[in-house]
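All values below come from the heavy atoms of this structure, side chains included, with hydrogens, waters and symmetry mates left out. Order of appearance sets the numbers: ligands from 1, and atoms from 1 within every ligand.
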Amino acid sequence: MQVLKTGAEWQKIWLQSLQSQKIIGFVPTMGALHEGHLDLIRNSKKSNDITVVSIFVNPIQFNNQEDFDNYPSLIKEDLALLEKENVDVVYLPDPQSMYPEKPVLSMHFGDLESVLEGAFRPGHFSGVGIIVSKLFNIIRPHQAFFGQKDLQQVAVIKRMVKDLSFQTEIITVPTRREEDGLALSSRNLRLSKEERDASLILIESLNLAKNELLAGKDWLAVRNQIQQKFEDEPLANLEYFELINPDNFQVIESIAQSKASSICVASYIGNIRLIDNLPIIP
Ligand code: AMP
């Protein structure tokens, strides 16, 4: 496994891999790796000759300084995990080389970011779009792997790839969960025992709402019921619980309103902000 700090080092390997017609898979991450990240890596290894994993905590996608300052960093453990997965290349750029200057560019994704994460985290998707563009320009992968857990991020990146003609295929990988249903997330490391217990409210609410919807209950009644459930949990502070059309990320009020539908949730548990989603009709 090669650990690279600069794009120039990768450029040499990239040129050689091109000559031998190797297909490159790429998994961008912010580290503190868990089985969800490893699923993306295993998928990449299945369909690519070379798998590159980046670890970079991207400052410009955080709209909350405290969240950035407290984001877990476990480089030694991460590298050991990646070695075990037989990853070919790890790209570990430092912030100074990635952002010699604060970018003046910003990206806007129109209706795709007018709700949910886009609405609650102003500037977040601009930061995501800029870092993913930079990484795609440096790595030039044939395929890149993203988790369904960040559903709106996948929609934004697919659109960016289309609008900017990136020659990278975007592959979405299903959400990996703990046995009790909690979606794996690097931020889970920061949950206390009580908060970990309380965090199950996300997946329990998603499952409950899905069952109620499929049993024919009206969405607004379902959402009221869920909002009450969150109000009854003192450690939870709900930001949104919305039914959306995953094709255009528009909020809908009935599963009959679009061909596909998913429910998306974001809630603070204590000081930790967690998100999750569940397809209702895939
Ligand atoms: P992050 O390190 O949180 O920026 O995530 C890096 C990639 O891993 C993103 O594409 C995430 O959507 C994906 N990811 C995070 N958690 C999970 C999970 N539980 N299951 C599958 N993919 C995930």
Side-chain angles (χ1 to χ4, degrees), residues 25-46 51-64 67-68 70-75 77-79 81-82 85 87 90-93 95 98 116-118 121 124-136 139 141 143-161 168-191 196 199-200 202-203 206 246 249 262 264-266 269 272-279:
F26 177 46
V27 181
T29 82
M30 299 206 296
L33 301 178
H34 51 63
E35 285 290 324
H37 297 113
L38 301 187
D39 278 351
L40 306 191
I41 290 165
R42 288 167 194 151
N43 273 278
S44 171
K45 286 192 66 78
K46 255 189 258 162
T51 289
V52 181
V53 177
S54 65
I55 300 178
F56 181 67
V57 183
N58 176 35
I60 68 165
Q61 74 183 65
F62 284 80
N63 56 314
N64 175 335
D67 188 25
F68 176 67
N70 291 317
Y71 201 83
S73 170
L74 295 162
I75 288 295
E77 292 83 348
D78 287 349
L79 290 177
L81 278 177
L82 295 175
E85 293 295 320
V87 163
V90 185
Y91 179 46
L92 279 181
M98 195 51 86
L116 312 183
E117 292 303 282
R121 301 184 69 187
H124 170 65
F125 285 123
S126 180
V128 168
I130 290 171
I131 191 64
V132 173
S133 299
K134 278 172 165 284
L135 291 167
F136 281 7
I139 305 296
Q143 292 188 326
F145 295 78
F146 291 87
Q148 190 183 314
K149 174 168 171 282
D150 297 284
L151 195 63
Q152 196 172 10
Q153 172 171 280
V154 174
V156 159
I157 287 168
K158 281 189 172 163
R159 185 59 201 244
M160 184 185 81
V161 162
T168 298
E169 182 188 3
I170 304 301
I171 315 274
T172 313
V173 177
T175 303
R176 174 66 86 103
R177 300 180 178 281
E178 301 278 9
E179 243 169 58
D180 59 10
L182 177 67
L184 296 193
S185 163
S186 305
R187 290 185 176 86
N188 295 353
L189 290 172
R190 297 181 50 214
L191 296 169
R196 172 66 181 78
S199 67
L200 285 181
L202 276 84
I203 185 61
L206 290 171
F249 255 86
S262 291
C264 297
V265 59
I269 302 293
I272 317 298
R273 186 174 183 278
L274 300 178
I275 62 171
D276 200 353
N277 65 83
L278 201 62

Less than 4.0 Å is my threshold; does some heavy atom of T175 fall inside it relative to ligand 1?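 True for this residue.
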Has P28 got any heavy atom lying under 4.0 angstrom from an atom of ligand 1?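 Checking ligand 1 against P28, which is what was asked, there is a heavy-atom contact under 4.0 Å.
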Students should be able to answer this: which protein heavy-atom is nearest to atom 21 (C) of ligand 1, and at what distance?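 Scanning the protein heavy atoms, the shortest distance from atom 21 (C) of ligand 1 goes to P174 O, 3.6 Å.
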Where is the nearest protein heavy atom to atom 22 (N) of ligand 1: which residue, which atom, and how far?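 Looking only at protein heavy atoms, the one closest to atom 22 (N) of ligand 1 is G147 CA, 3.5 Å.
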Which residue from H34, H37, Q153 reaches closest to atom 1 (P) of ligand 1 through any of its heavy atoms?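 Considering heavy atoms of H34, H37, Q153, the nearest to atom 1 (P) of ligand 1 sits in H37.
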Nearest neighbour of atom 18 (C) of ligand 1 from the list M30, R176, Q61, on a heavy-atom basis: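 When every heavy atom of M30, R176, Q61 is considered, R176 comes closest to atom 18 (C) of ligand 1.
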Counterpart residues, ring-ring contact (aromatic ring centres under 6.0 Å, His included), relative to F62 (two or more places apart):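 With neighbours one apart ignored, the set is F68, Y71.
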For a quick test of reading the model, state the closest non-hydrogen atom pair linking [X] to [Y] and the distance between them.
| X | Y | value |
| --- | --- | --- |
| Q152 | G118 | OE1-N, 3.8 Å |
| G25 | F145 | CA-CE1, 4.4 Å |
| D78 | A32 | OD2-N, 2.9 Å |
| P28 | L135 | CB-CD1, 4.2 Å |
| T172 | G147 | CG2-C, 4.4 Å |

List every atom of ligand 1 that sits less than 4.0 Å from any heavy atom of [X], numbering the atoms from 1 in the order shown and giving each element.
| X | answer |
| --- | --- |
| T29 | 2 (O), 6 (C) |
| L184 | 16 (N), 17 (C), 18 (C), 19 (N) |
| F146 | 10 (O) |
| G36 | 18 (C), 20 (N), 21 (C), 22 (N) |
| Y71 | 3 (O) |

N/O donor-acceptor pair under 3.5 Å between S186 side chain and G31 backbone: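 Indeed, once roles are kept as given, a pair shorter than 3.5 Å links the two residues.
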Taking distance alone, with N or O pairs closer than 3.5 Å, would you say [X] contacts ligand 1?
| X | answer |
| --- | --- |
| A183 | no |
| V173 | no |
| D150 | yes |

State the CZ-CG distance between R190 and D67, to the nearest 0.5 angstrom.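 Separation between the atoms: 6.0 Å.
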N188 side, atom CG; L182 side, atom CG - distance, nearest 0.5 Å: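 Between atom CG of N188 and atom CG of L182 there are 4.5 Å.
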Only counting residues at least two apart or in another chain, list the ones meeting salt bridge (Lys or Arg N to Asp or Glu O under 4.0 Å) with D150.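 In terms of salt bridge (Lys or Arg N to Asp or Glu O under 4.0 Å), with neighbours along the sequence ignored, D150 is linked to no residue.
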Between L40 and ligand 1, which part of the residue brings a heavy atom under 4.0 Å of the ligand: side chain, backbone, both or neither?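 Within the 4.0 Å criterion, L40 contacts ligand 1 through side-chain atoms alone.
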